[in-house]
Visitor: 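Take this structure, written in structure tokens, and hold onto it; I'll ask about it next.
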Amino acid sequence: MNKHTRLLVSVLFAVIIVLAVGITRFYMNVSNDTGSSGNTADVAEIIDSDSEKNQIFIDTNGFYGILNASGYVIVSPEWNELSFIGGEMCLASRTISGKLLTGCIDYEGNAVVPFIYKSITEYSYEDCVFYAAETDSDGSCVIYDENFDPCFMRSWDSCTVSENNLILQSGECSYTYSLGESGFTCTLADINGSAADVSFSLNISSRLLLSKLNSFMLEKVAESISDYLEFAVSGDQTYLADITDLNNYGSFKMLFPDDEKIVSRKLTDIDNIFIYSDKSDDSGQSYTVSITAGVQIRYINENDSVKILSGSYRAVLKFNASGSEITAVSGEFLSSEPDYPEKEDLPEKDNNDEADKPENT
């Protein structure tokens, strides 16, 4: 899955969840209308109760349901598993289309979290409670708070809980969040990418930057770095299409664009990448990304010979941000020409050749 597809899937994930809730609720309502629910059930065992004295029971067929405080069935016994989670909701599992899927229902049996998950796991740290839900379709992860509202407007490729940290993975990028009473706080972002088959990494630990730049924005920055560097060494403007609109192409400069001696440019390494806030002329926020790129240059010297020169050159990319959107607005390398060696002189004529010639007789 490429970057654009992953971003589109993440943005639409919240919409998919809403649609899945509706579809699942319709399925549940049809099931309830045609089922055998009633005011009484063949209760085999009471397994749990909540603060309002509602009780989860197992019937004689091994299915789970809920009785209210008066002993009447309020959720019919048609579930493979049920457990109270507060807020008049239950984690529930049932077989749908031959698969055991997990979601959440209310005390009327309505789906309030879609039944699209392989598992939903509860975690708690001090006063912070959250749930990690693994989708059945592709194993991606959705993080819910204690009220089962999504904590992030996206799904993640994976999640790892370690002590008081939550580590979320999206493609080659990972984000570390600390857990506390106020919820999740991003403390570290490891943003990885590549340009011309050369990998790079941008590590951000500034709480201020991480409070302003969300995961979508940081991944857009990484994508812009990759596309700009590809353009800078190749001159192929199609790489700029994902960075900016056609009218702004001129704000992005190649590496040594006017040097006619250069035959080719090749990236060899990318390091020392960092991002910092910059001044903005409008109400938005501006950012600058500094990049040091190792480049191998093939050029024609004064003797019309093709030579190879390697060097490191610094580039800067400028970004404007508004809300949760960030866009690259310019890019250039700061050096005006390569670090050429001193002028290479033509080989001098050997005077000894003349001296060695015999004199005419």
Side-chain angles (χ1 to χ4, degrees), residues 1-8 171-173 191-202 217-276 278 286-321 325-344:
M1 183 183 295
N2 61 35
K3 296 177 182 177
H4 304 294
T5 304
R6 184 182 298 112
L7 181 61
L8 179 61
E172 297 178 345
C173 304
I191 311 301
N192 299 292
S194 64
D197 297 323
V198 179
S199 61
F200 63 82
S201 180
L202 170 61
M217 299 169 79
L218 291 173
E219 288 165 32
K220 179 64 175 178
V221 167
E223 180 183 339
S224 298
I225 292 171
S226 175
D227 289 336
Y228 171 67
L229 291 177
E230 293 266 17
F231 159 74
V233 297
S234 69
D236 186 350
Q237 289 190 332
T238 59
Y239 287 108
L240 298 179
D242 294 328
I243 296 179
T244 188
D245 58 62
L246 182 61
N247 295 329
N248 199 39
Y249 278 16
S251 298
F252 296 86
K253 310 296 183 182
M254 280 186 64
L255 174 63
F256 312 132
D258 301 321
D259 194 329
E260 296 180 353
K261 294 184 292 186
I262 295 178
V263 177
S264 65
R265 308 160 183 82
K266 179 183 178 182
L267 283 175
T268 56
D269 60 82
I270 306 168
D271 56 17
N272 294 331
I273 301 179
F274 56 91
I275 183 171
Y276 54 90
D278 211 344
S286 294
Y287 298 92
T288 296
V289 174
S290 175
I291 309 158
T292 301
V295 182
Q296 184 184 86
I297 294 174
R298 295 175 68 245
Y299 69 98
I300 298 175
N301 70 358
E302 292 82 357
N303 302 329
D304 291 332
S305 299
V306 176
K307 297 291 185 177
I308 295 177
L309 173 68
S310 296
S312 293
Y313 305 96
R314 183 174 170 232
V316 291
L317 268 173
K318 301 283 189 178
F319 292 84
N320 284 343
E325 299 292 328
I326 190 166
T327 305
V329 294
S330 68
E332 64 177 338
F333 278 81
L334 301 183
S335 299
S336 58
E337 64 177 17
D339 298 324
Y340 287 122
E342 294 183 4
K343 185 176 180 180
E344 301 171 55

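Atoms considered below: every heavy atom in the structure, side chains included; atoms not considered: hydrogens, waters and symmetry mates.
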Visitor: Side chains of Thr288 and Lys318: donor-acceptor distance under 3.5 Å anywhere?
Guide: yes
Visitor: Does Ser335 use its side chain to pair, donor to acceptor, with the backbone of Glu337 at less than 3.5 Å?
Guide: no
Visitor: Could you verify whether a donor N or O on one side chain and an acceptor N or O on the other, from Thr327 and Asn320, lie under 3.5 Å apart?
Guide: no
Visitor: Ile243 and side-chain contact (heavy atoms from CB on, under 4.5 Å): which partner among Phe252, Phe319, Tyr249?
Guide: Phe252
Visitor: For a 4.5 angstrom cut-off between non-hydrogen side-chain atoms, does Arg314 reach Ile291?
Guide: no
Visitor: Between Ser305 and Asn303, is any side-chain donor less than 3.5 angstrom from a side-chain acceptor?
Guide: no
Visitor: Using the side-chain contact (heavy atoms from CB on, under 4.5 Å) rule, take Phe256 and Ser336 through it: C-alpha gap first, then chi angles, then the decisive distance, then the call.
Guide: CA-CA 6 Å; Phe256 312 132; Ser336 58; 6.0 Å; no
Visitor: Sub-3.5 Å donor-acceptor pair from the side chain of Asn192 to the main-chain atoms of Leu202, do we have one?
Guide: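 Side chain of Asn192 to backbone of Leu202: no pair is present.
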Visitor: List the atom of Ala196, the atom of Leu267, and the distance in Å for their closest heavy-atom pair.
Guide: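 Ala196 and Leu267 have their closest heavy atoms at CB-CD1, 4.1 Å.
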Visitor: Any non-hydrogen side-chain atom of Ile326 less than 4.5 Å from a side-chain atom of Tyr287?
Guide: yes
Visitor: How about Thr292 and Asp271: does a side-chain donor come under 3.5 Å of a side-chain acceptor?
Guide: no
Visitor: Run the side-chain contact (heavy atoms from CB on, under 4.5 Å) check on Ile262 and Arg298 step by step: do they pass?
Guide: CA-CA 6 Å; Ile262 295 178; Arg298 295 175 68 245; over 6 Å; no
Visitor: Apply side chain to side chain donor-acceptor pair (under 3.5 Å) to Ser224 and Asp227, showing your working.
Guide: CA-CA 5 Å; Ser224 298; Asp227 289 336; over 6 Å; no
Visitor: Quick check for you: to the nearest 0.5 Å, what is the distance between Leu240 atom CG and Leu246 atom CG?
Guide: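 Output value for this atom pair is 9.5 Å.
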Visitor: Please find the pair of heavy atoms, one from Ala222 and one from Ile191, that lie closest to each other, and give the distance.
Guide: CB-CG2, 3.4 Å
Visitor: State the CG-OG distance between Asn272 and Ser201, to the nearest 0.5 angstrom.
Guide: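 Going from the CG atom of Asn272 to the OG atom of Ser201 covers 11.5 Å.
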Visitor: Hey, could you give me the CG/CD distance between Leu317 and Glu332, rounded to the nearest 0.5 Å?
Guide: 10.0 Å
Visitor: Checking Tyr239 side chain against Ala232 main chain: does a donor-acceptor pair fall under 3.5 Å?
Guide: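 Here the side-chain-to-backbone pair does not exist.
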Visitor: Under the side-chain contact (heavy atoms from CB on, under 4.5 Å) rule, collect the residues that match up with Gln296, sequence neighbours excluded.
Guide: Lys266, Thr268, Ile308, Ser310
Visitor: Any non-hydrogen side-chain atom of Phe231 less than 4.5 Å from a side-chain atom of Met254?
Guide: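 Yes. Closest side-chain heavy atoms under 4.5 Å.
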Visitor: Taking all non-hydrogen atoms of both residues, which atom of Asp269 and which atom of Val198 are closest, and how far apart?
Guide: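 So the two residues come closest at CA-CG1, 3.6 Å.
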Visitor: Any heavy-atom pair between the side chains of Ile225 and Ile273 that's under 4.5 Å?
Guide: yes
Visitor: Are Leu334 and Val316 close enough, and set up right, to give a side-chain contact (heavy atoms from CB on, under 4.5 Å), and what steps lead you there?
Guide: CA-CA 8 Å; Leu334 301 183; Val316 291; 4.0 Å; yes
Visitor: Does atom CG of Asp197 have more than 12 heavy-atom neighbours from other groups under 6.0 Å away?
Guide: no
Visitor: Hey, what do you get for NZ (Lys253) to OG (Ser330), rounding to the nearest 0.5 Å?
Guide: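 That separation rounds to 9.5 Å.
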Visitor: side-chain contact (heavy atoms from CB on, under 4.5 Å), that's the test. Do Ile270 and Leu229 meet it? Break it down for me.
Guide: CA-CA 10 Å; Ile270 306 168; Leu229 291 177; 3.6 Å; yes
Visitor: Do any pairs count as a side-chain hydrogen bond (donor to acceptor under 3.5 Å, both in side chains) and have a residue in residues 256-265, sequence neighbours left out, and if so which ones?
Guide: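 Qualifying pairs: Asp259-Tyr340.
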